[in-house]
Amino acid sequence: MLKVLRRGFYARRSALVAGELLGKIIVREFPGKKITARIVETEAYLGKNDPASHAAGKLTKRNSVMFGVPGHAYVYFCYGCHFMFNTVTEKKGKAGAVLIRAVESDGRVPRANGPGKLAKYLRIGRAFNEHDLASGKKLYIADDGYAPGKTGRSGRIGISGAREKLLRFFIKGSPHVSKYR
DNA sequence: TTACCGATCGCA
DNA sequence: GCGATCGGTAAA
């Protein structure tokens, strides 16, 4: 049973949403085809007071999505060749996002560990920036009632500042979780 | 308009 | 350990 996550799910604290996204399903619909992948690793990004966040400074064109409607996608192109897939959290007007770092697919697909590979695997590009994940179309996140096993948290990965904040969440024992740390 | 740099990955 | 590669942002 698949239930699309409603906007209310996203309109809460980033860290809380990040933790609860573990075990949820990302659904990517193509014409006549559908890919699903279970989320096994996330990271929360806040607004101010979080130097690692794009929304740490002032409101700009790029990060305005993070201040906008919760449940929208925030897709960022980085290092010239990688897209990263985030979901906007917190209420409208307050910045926040959750980066999906790794998913575990239905078994037979090669691992999609790491934000760049994940986006490539799901064919998520710039066009999905601001896509409404609560719409239940093309790209969305759903709950199938699965309860993840043990989860852990740690410092975030690949960033320069605020490493000490324990805002990375992952499912323990998943072979798809990033190997760092 | 230009210069710089980043929430990465793959290969040496 | 380092280069590839490109859009956003700030500075001029």
Side-chain angles (χ1 to χ4, degrees), chain A residues 9-10 12-24 26 28 35 37-90 94-105 109-131 133 139-141 151-171 174-181:
Chain A
F9 178 89
Y10 301 99
R12 298 176 297 161
R13 283 181 12 246
S14 299
L16 191 65
V17 176
E20 291 193 15
L21 275 176
L22 292 176
K24 296 293 186 289
I26 296 179
R28 175 75 171 93
I35 293 181
R38 193 176 304 281
I39 299 172
V40 295
E41 187 179 352
T42 62
E43 268 180 30
Y45 285 86
L46 315 178
K48 51 179 185 179
N49 298 332
D50 184 4
S53 168
H54 287 163
K58 23 178 196 183
L59 182 64
T60 63
K61 206 168 195 175
R62 173 176 58 163
N63 64 26
S64 63
V65 183
M66 288 180 71
F67 290 86
V69 184
H72 280 192
Y74 173 43
V75 179
Y76 176 60
F77 187 67
C78 183
Y79 293 104
C81 39
H82 298 290
F83 289 104
M84 292 182 250
F85 173 49
N86 305 251
T87 72
V88 176
T89 59
E90 307 280 1
K94 189 173 179 188
V98 174
L99 167 68
I100 311 299
R101 286 196 60 86
V103 297
E104 135 186 311
S105 41
V109 187
R111 40 190 178 169
N113 56 327
K117 287 155 98 178
L118 162 65
K120 188 181 175 190
Y121 169 58
L122 293 176
R123 308 287 154 76
I124 295 173
R126 251 191 354 275
F128 278 98
N129 197 30
E130 288 194 88
H131 177 76
L133 298 171
L139 175 65
Y140 52 92
I141 302 178
T151 60
R153 56 194 307 189
S154 74
R156 291 175 294 181
I157 293 172
I159 57 174
S160 41
R163 249 172 233 255
E164 72 288 353
K165 292 179 190 291
L166 298 180
L167 291 174
R168 168 174 172 253
F169 299 82
F170 55 93
I171 296 181
S174 170
H176 302 283
V177 171
S178 308
K179 299 290 187 287
Y180 310 85
R181 279 174 197 262

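Atoms considered below: every heavy atom in the structure, side chains included; atoms not considered: hydrogens, waters and symmetry mates. As the structure is a computational prediction, the values presented were derived from the model and not from experiment. Chain letters run A, B, ... following the sequence lines, proteins first, then strands; residues in each count from 1.
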A:Arg62 vs A:Tyr76, test: side-chain hydrogen bond (donor to acceptor under 3.5 Å, both in side chains). Steps then yes/no. CA-CA 8 Å; A:Arg62 173 176 58 163; A:Tyr76 176 60; 2.7 Å; yes
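Regarding contacts with the backbone of B:dC9, every side-chain N or O of A:Lys120 stays at 4.0 angstrom or more from both OP1 and OP2. When the side-chain nitrogen and oxygen atoms of A:Arg62 are compared with OP1 and OP2 of C:dT9, one or more of them lie within a distance under 4.0 Å.
Between A:Leu167 atom CG and A:Ile159 atom CD1 the span is 8.5 Å, to the nearest 0.5 Å. Atoms CD and CZ, from A:Glu20 and A:Phe9 in turn, are 5.0 Å apart once rounded to the nearest 0.5 Å.
Rounded to whole Å, atom C1' of B:dC9 lies 12 Å from atom CZ of A:Arg101. Between A:Tyr45 atom OH and B:dG6 atom C1' the separation is 11 Å, expressed in whole Å.
The salt bridge (charged side-chain N to carboxylate O under 4.0 Å, His left out) test with A:Glu43 singles out one residue from A:Arg153, A:Arg101, A:Lys165, and that residue is A:Arg101.
Residue A:Phe83 is out of contact with every strand shown, counting any heavy-atom pair closer than 4.0 Å. Backbone-only contact: A:Ile159 has heavy atoms under 4.0 Å from sugar-phosphate atoms and none from a base.
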Protein-nucleotides 4-7 of chain C N/O pairs under 3.5 Å:
from  : atom 1 : to      : atom 2 : distance (Å)
C:dT5 : O2     : A:Tyr79 : O      : 2.7

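For C:dG7, the paired nucleotide is B:dC5, the pair qualifying as Watson-Crick or G-U wobble because both relevant distances are below 3.5 Å.
Using the six-membered ring where Trp is involved, A:Tyr74 and A:His54 have ring planes that are perpendicular, over 60° apart on the 30 and 60° scheme.
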